[in-house]
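Structure first, then comments.
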Amino acid sequence: MTASDPNCIFCKIVAGQIPSKKVHEDDQMLAFHDINPWAPVHVLVIPKQHIATLSDVGPEHDALLGAMLGLAPRLMKQLGVSNGFRTLINTGRDGHQEVYHLHMHVMGGPRPWARG
Ligand code: 5GP
Ligand code: ZN
């Protein structure tokens with residue numbers, strides 16, 4: 001099922017070619033700690049399949065997107081975040097997206113945060 005882009009850094013993380021601190025993996029998603037965290041807990045939830053941006057999804061991705069969002073509260077609980085968290089998907093140039101493989105930021109932990 002997995003379409004991957006050989007030049008994509010997150011596809012390389014999915015393939016294990018670049019190391020990451022994984023916090024969740026199943027057949028369709030991977031979650032790992034952001035290398036440059038804004039918050040005490042900052043993870044990225046990505047599809048294993050290469051989808052460049054949220055603008056590229058269609059109705060066939062509804063279940064995947066639901067699974068990504070539904071994973072967020074379970075991950076935060078697992079990582080000890082008990083007082084709320086932020087979810088964020090940057091999309092495209094004006095959305096300040098830097099890595100063009102769909103990802104959802106999930107950030108939590110006690111404030112102050114480095115950013116956000
Ligand atoms: P964007 O601005 O595209 O929404 O965010 C991309 C995020 O990916 C940034 O928060 C950045 O720190 C993170 N990131 C970029 N390269 C790597 C990497 O190689 N490993 C990990 N764990 N995070 C990365
Ligand atoms: Zn990719």
Side-chain angles (χ1 to χ4, degrees):
M1 76 129 200
T2 307
S4 92
D5 175 342
N7 299 313
C8 168
I9 192 163
F10 286 177
C11 284
K12 289 180 182 172
I13 285 177
V14 170
Q17 292 161 357
I18 291 178
S20 67
K21 287 168 66 184
K22 288 181 197 171
V23 291
H24 175 88
E25 182 167 14
D26 62 39
D27 59 343
Q28 60 181 350
M29 299 181 284
L30 187 65
F32 52 90
H33 287 280
D34 195 293
I35 207 166
N36 186 18
W38 291 16
V41 176
H42 183 168
V43 300
L44 301 174
V45 178
I46 71 169
K48 285 188 165 176
Q49 178 187 6
H50 182 81
I51 300 168
T53 86
L54 190 60
S55 294
D56 298 318
V57 306
E60 69 274 23
H61 299 110
D62 283 357
L64 169 66
L65 293 169
M68 288 171 62
L69 188 59
L71 180 63
R74 297 199 298 275
L75 271 183
M76 289 297 102
K77 198 171 180 183
Q78 177 189 318
L79 295 169
V81 171
S82 56
N83 218 16
F85 56 88
R86 292 186 71 185
T87 51
L88 174 68
I89 300 177
N90 296 322
T91 303
R93 187 187 57 189
D94 289 349
H96 279 178
Q97 184 174 1
E98 289 173 5
V99 176
Y100 278 77
H101 179 129
L102 175 63
H103 53 280
M104 179 175 67
H105 298 257
V106 190
M107 296 167 277
R111 288 186 180 272
W113 292 0
R115 289 173 72 184

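Note that ligands are numbered from 1 as they come in the structure, with each ligand's atoms numbered from 1 the same way.
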Enter the distance from [X]:[atom1] to [Y]:[atom2] here, rounded to the nearest 0.5 Å.
X    : Y    : atom1 : atom2 : value
D34  : H42  : CG    : NE2   : 4.0 Å
Y100 : I51  : OH    : CD1   : 15.5 Å
R93  : T53  : CZ    : OG1   : 13.0 Å
T87  : M104 : OG1   : CE    : 6.5 Å

Any idea which part of [X] is under 4.0 Å from ligand 1, heavy-atom wise: side chain, backbone, both or neither?
X    : result
L88  : neither
I9   : side chain
F32  : side chain
F10  : side chain
H105 : side chain

Does [Y] offer a backbone N or O that forms a donor-acceptor pair with the side chain of [X] under 3.5 Å?
X    : Y    : answer
Q97  : A52  : yes
Q78  : V23  : yes
K48  : E25  : no
H103 : H101 : yes

Which protein heavy atom lies closest to atom 3 (O) of ligand 1, and at what distance to 0.1 Å? E98 N, 2.6 Å
Looking only at protein heavy atoms, which one is nearest to atom 15 (C) of ligand 1, and how far off is it? V99 CG2, 4.0 Å
If you have a sec, read the angle at the Zn ion (ligand 2) from H101 atom ND1 over to C11 atom SG, to 10 degrees. 110°
Output the list of atoms in ligand 1 that are nearer than 4.0 Å to some heavy atom of [X], sorted by atom number.
X    : result
Q97  : 3 (O)
N36  : 12 (O)
H96  : 2 (O)
H103 : 1 (P), 3 (O), 4 (O), 5 (O), 6 (C)

Following the transitive rule for hydrophobic clusters with a side-chain heavy-atom cut-off under 4.5 Å over Ile, Leu, Val, Met, Phe, Trp and Tyr, establish whether I18 and I46 coincide in one cluster. yes
Any link between L30 and V99 through a network of hydrophobic side chains (Ile, Leu, Val, Met, Phe, Trp, Tyr) touching at under 4.5 Å? yes
So is I89 close enough to ligand 1, meaning a heavy atom under 4.0 angstrom away? no
Nearest candidate to atom 13 (C) of ligand 1, where distance is taken over non-hydrogen atoms, out of I46, D34, T53: D34
Report the member of I35, I13, N90 with the shortest heavy-atom distance to atom 24 (C) of ligand 1. I35
Audit row: M76, V43, side-chain contact (heavy atoms from CB on, under 4.5 Å) steps and yes/no: CA-CA 9 Å; M76 289 297 102; V43 300; 3.9 Å; yes
Report yes if some N/O of H33 lies less than 3.5 Å from some N/O of ligand 1; otherwise report no. yes
Looking at H50, pick out the N, O or S atom nearest to the Zn ion (ligand 2) and give its name. ND1
